[in-house]
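Below: the structure, in structure tokens.
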Amino acid sequence: MSSENGRSQGKPPEQGEQLALIRESVREAKAKAPKAKPRTWRNAPLAKTLPVARVLVDKGPVHLDRLWDYAVPEELDADARPGVRVRVRFGAGTRNVRGGRREGGGLLDGYIVERVAESDYQGPLAAIAQVLSPEPVLGPALYDLCRSVADRYAGSLADVLQLAVPPRHARIEAEPSPAPLPPPGAPEPGSWSRYPAGPAFLDAVARGDTPRAVWTALPGPHWPQELARAAAAALSSGRGALVVVPDGRAAARVDAALGALLGEGRHVLLTAELGPEERYRRWLAVSRGAVRAVVGTRAAMFAPVRDLGLVAVWDDGDSSHSAQNAPHPHSREVLVQRAVHEKAAFLLGGFGCTVEAAQLVNTGWALPLAAARETVRAAAPVIRTVGDGDEARDAAARAARLPSLAWQAAREGLKHGPVLVQVPRRGYAPRLACERCREPARCGHCAGPLEARDGDGALHCGWCGQETRGWHCAECGGVRLRAQIVGARRTAEELGRAFPSVPVRTSGRDHILDTVPDRPAIVVSTPGAEPVAEGGYAAALLLDGWALLGFPDLRAGEEALRRWLSAAALVRGQTEGGVVVVVAEPTLRPVQALVRWDPAGHAMRELADRAELGFPPVSRMASVSGPPEDVADLLAAAELPEDAEVLGPVPLPVTAAGRPRRPGDPPPGERWERALLRVRPGRGAALAAALKTAQAIRLTRRDGEPVRLRVDPPDIG
DNA sequence: AGCACGCCGACT
DNA sequence: GTCGGCGTGCTC
């Protein structure tokens, strides 16, 4: 890790510096104009000090992403503190009309951002209509955070606020929060001792320093306790801690670990499952400083933890770290910003390693935190690979559609404990098979699985990518194909027949098992839903290699490795006889990284490739999508940074009618295009600002449809 | 987004 | 004259 006064004290990879500068210069220019004495239409009595409130109007016109000055009437002076929710009149109807004055315009919700003595605005100020609640929910730190997140993602402040500030429940606000407990003592390093730099990281956090680390976690069940200890170290320094994990299950485990370490009352769990009222209750406890430590899913990334001492993210490669709502901030990126702005320590951990994490290390912004090679080797299971084409010789293995090696590993493992079988998620990448005899459709060049991309009828090999024309079944001569999705249930049935004396359990999207007992059983699971085995699995079979690696995405390899590592980390270490069999081409890079248990090395090599190709995160990208003429319009109007490269636009696949639409897809039947914009990393803020400005101009003039902007588009490739 | 103002042609 | 088309610009 690095420390605040250490060598790696650098700039974060991306900042809203550019926008901040622009705003600053606008403010300076305005400051030269004589400031008017604040006056209202009716000359109503104003607050004696700081009579002007700078208000962020929520849900106003999207492009009016700025603060508005309102007068603070004397009777609202006490309640109208920075951060409170207010209602204000906003709209053309509020203006003076001829001789008389009329109050028109709608009442809009907003937040007081600050109170100032004078306004830059020359005209008469409208008065704040109402203070909705005296609770200051948008404090200065949270406001600054939302502002910089909006800037980075070319989104509006109001959109970010929607993610960051939960809706109000008056009844909950009326309840008092519990009294804050004194800081706990510094925690023992515990299993952090397995990492050479672990205890030092913990010490630095406990001392009040701000070390930053990218942590490659050892396989096994210790990570929730390790995250809890890191959080406890921050608390012991008198500061707060925030831990963001991908899903509710992981959050519950860290929550339990925090409870075991700190008792009750020093931390809260913040997840969507709580329901709006309980969530607001806990959020308020954090906002009021009654609780200093938070663990939660992505919405918790904005949690207004007081005097933040540590931010931590677990498994940042999991796609649920990206918010579903515009402008789609990613918890890793938001917490990088918070670590810098709020001067907190930073811990990014997982079994895998994303290229973005590798980039943080590569730029020297964070230091690697990993165990010694021999510690890793002992803790990890033995990994064996088997090509998908391997013929099974045993009849039983063939019946279960398992290669011999996988079948043997399962049979052997079942003598010692539960065996995990990871299968592709239904609909993830449908495998094609002969409609008549069910023989899988294979590529004529390399025997890889054929896939139908884009639904345009063309068949491509999932391995070598070559197109196959005029397919016919090698077995029976059939010419019609069907999608053969072998889901968890079918696999479970087949395995049940192959191992009739062993119970078979399944865990998948709709029915997730948390844990399984330490007894022989076959546990079939889709990626991400793997139950924890109490004594570790004796073996695991990873059967979805072709599906994961065949996915046409820049991250396919990284994502396959991440899912394999997550499953394999639940298996006993090799010293306890743990074995993993992965059905995938052994020459492929992610497969080799799994065999060597070297996620960080894999990420570094991926990063080097991306650098060569100019792909993110070595460059910064944004996408513009919409009807072709609107995309062209916006690109023509935008004053892009000089070095910005425009790739495309290219047509997007048309959304088929009736098909469930994923967010970001064009409306059914519409022909949309997408352009990608690329700049070097330091210019990301300038790119976002240019796009946002161009979009705002379009919205003001109301020419054409608004286009969709997305910074860090997820599906490049 | 709304809403008002303003500068044009056709109507009681 | 003046009613109302919608193009343009502002909203503290």
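Distance Arg89(A) CZ to dT11(C) P: 17 Å, rounded to the nearest Å. The interatomic distance linking Asp58(A) (CG) with dA1(B) (C1') rounds to 14 Å, in whole Å. dT11(C) atom C1' lies 13 Å from atom CG of Asp69(A), rounded to whole Å. Between the CZ atom of Arg66(A) and the C1' atom of dC10(C) there is a distance of 10 Å, rounded to whole Å. Atom CG of Leu108(A) is separated from atom P of dC3(B) by 11 Å (rounded to the nearest Å). Protein atom CZ of Arg54(A) is 14 Å distant from nucleotide atom P of dC12(C), rounded to whole Å. The CD1 atom of Ile697(A) sits 14 Å away from the P atom of dC10(C) (whole-angstrom rounding). Put simply, CG on Leu56(A) is 15 Å from P on dC12(C), counting in whole angstrom units.
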Verdict with reasoning, Leu107(A) to Arg89(A), per side chain to side chain contact (heavy atoms under 4.5 Å, CB included): CA-CA 5 Å; Leu107(A) 272 176; Arg89(A) 295 208 174 270; 3.9 Å; yes
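Taking the six-membered ring where the residue is Trp, His169(A) and Tyr280(A) present tilted rings, their angle falling between 30° and 60°.
Looking at Arg678(A) and Ser619(A), their side chains never bring a donor and an acceptor atom within 3.5 Å of each other.
Both geometric conditions, a ring-centre gap below 5.5 Å and a plane tilt below 30°, are not fulfilled together for Trp68(A) over the base of dC12(C).
The distance from atom CD of Glu277(A) to atom CZ of Arg171(A), rounded to the nearest 0.5 Å, is 4.5 Å.
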